Amino acid sequence: MVNFDKTICVVGLGYIGLPTASLLGTKGFKVHGVDASKRIVDTINQGRIHIVEPDLDILVKSAVQSGNLSADLEPKQADIFIIAVPTPFKANHEPDLSYVEAATRNIAPFVRPGNLVILESTSPVGTTDGVVATILREAGHDVGGDVHVAHCPERVLPGRILTELVENDRIVGGINDTSTEAAVEFYKSFVRGEVLATDSRTAEMAKLTENSFRDVNIAFANELSLLCDKEGINVWNLISLANRHPRVNILQPGPGVGGHCIAVDPWFIVARNPELARIIRTARIVNDSKPEWVISKVKAAADKFKKPVIGCLGLSFKADVDDLRESPSVEIVHKLKQEGIGKLLVAEPNLTKHPEFDLMPYEEVVAKSDIVLLLVNHRQFRKLKAVDLKEKILIDTRGIIV
Ligand code: SAJ
């Protein structure tokens, strides 16, 4: 049996690590959070947060004030280690596991018999055993014996993280049965959803499958948007009609797929088996080419003006978050700027500043623009009405303005 002395070391205090650490802190665990950034460590120790996520500020404040959560640059001994660091891809779409490797090396000197090490970062098949367990073994630990290692992929949706951390079912896969049992017992202590036991490779593949499923389905919607544009059909109207069929459920087209998950994870499947993962790769290509198509629409509209003013509404990768990672909106606005297409005015209500663009209130952007380019379906933009924009050219990539 694992010794659950209720001390937890969470490595990586980003979009997954910080909500997890603070949630566990409020559930009574003693949590030691680790991050490589001193700014992030200091912010958290002051009971404040460095990301936008509903209610996270309250949770972190309460966990820090109760003394159950503190942050540091270095790990320390604990009963359970949770690795929640980024797993991006490299320029060639191969996975970059350097953060997972560094985090494992970092915790290795603090791991003791009876400990449980959990990898939550989305990872290619084989990483939990081939990277995490291997590094710990090389450091002299009896992995699979008295040190347990498991993968439990995070599955929370940014914007709903706190609810989904508790409510979602979790998939838990150990590198052997005792590791699985130890990790299942831990997640059952704070998850209200079902905790589903499997092996680490299946758990890794399950997470990649979920995000690839969504990517393929968004690619279908994006392909439909191109076809409908050519045919003079309103794609959103079409989809809502087709979705009235009891077994059809098409997702929504947009300016492309962004974020650190869906735009990234399918490549982890493709990288291992490029000749087999044909639909998954094609979906990535379809979704990645959507920003160029949007840019071509803006250029065609801009050609109608001598000095067009283009109002760009939204930069984040999706609605009501401040996250810019892999954002197709940023790519579109950046390329318009690079190519000198019109005078650009930019609004992003979830940010106060941006390194490349001067931000303005969205009402001002709309009022001053000849072309309104709606890129993100933020709640603020949903108030806009087509009738108020009839003097302007509207390019609504999300289909929210009616
Ligand atoms: N998008 C569309 N059309 C849609 C739905 C989404 O264009 O119909 C776009 C969004 O605008 C965004 C991108 O796709 O650019 C991804 O957004 P999302 O809301 O689908 O997903 P993420 O990346 O915020 O979170 C996903 C979730 N995975 C699934 O729904 C299968 C979440 O549960 C995962 O935990 C997360 O990835 C992750 O961390 O892997």
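Counting convention: from 1, in listed order, for ligands and their atoms alike. As a basis for the values below, the full set of heavy atoms in this structure was taken, side chains included, without hydrogen atoms, waters or symmetry mates. We count residues from 1, following the sequence as given. Owing to the predicted nature of the structure, the values given are computational and were not obtained by experimental measurement.
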task = Answer side chain, backbone, both or neither: which part of Arg160 comes under 4.0 Å from ligand 1, heavy atoms only.
result = neither
query = How does Gln252 reach ligand 1, if at all, at less than 4.0 Å between non-hydrogen atoms: by side chain, backbone, both, or neither?
reply = both
ask   = On the ring face of Phe29, is Lys6 found with NZ or CZ under 6.0 Å from the centre and within 45° of the axis?
value = yes
Between [Y] and [X], is there a salt bridge with N-O shorter than 4.0 Å?
X      : Y      : result
Arg170 : Glu154 : no
Lys335 : Glu339 : no
Asp265 : Arg284 : no
Asp303 : Lys299 : no
Glu210 : Arg155 : yes

request  = Give a yes/no on ligand 1: does Gly258 have at least one heavy atom closer than 4.0 angstrom to it?
outcome  = yes
query = Is there a heavy atom of Lys207 sitting under 4.0 angstrom from any atom of ligand 1?
reply = yes
I'd like the name of whichever of [options] reaches closest to [atom] through any heavy atom.
atom                    : options                        : answer
atom 5 (C) of ligand 1  : Arg214, Glu154, Arg398         : Arg214
atom 34 (C) of ligand 1 : Val264, Val156, Leu157         : Val156
atom 14 (O) of ligand 1 : Ile218, Asn217, Ile239, Ile262 : Ile218

query = Which of the numbered atoms in ligand 1 are below 4.0 angstrom from a heavy atom of Arg155?
reply = 32 (C), 33 (O), 34 (C), 35 (O)
query = Which atoms from ligand 1 have a heavy atom of Phe317 less than 4.0 Å away?
reply = 10 (C), 11 (O), 12 (C), 15 (O), 16 (C), 17 (O), 23 (O), 24 (O)
ask   = Under the ring pair (Phe, Tyr, Trp, His ring centres under 6.0 Å) test, which residues partner Tyr99, sequence neighbours left out?
value = none
ask   = N/O of Glu210 under 3.5 Å from N/O of ligand 1, yes or no?
value = no
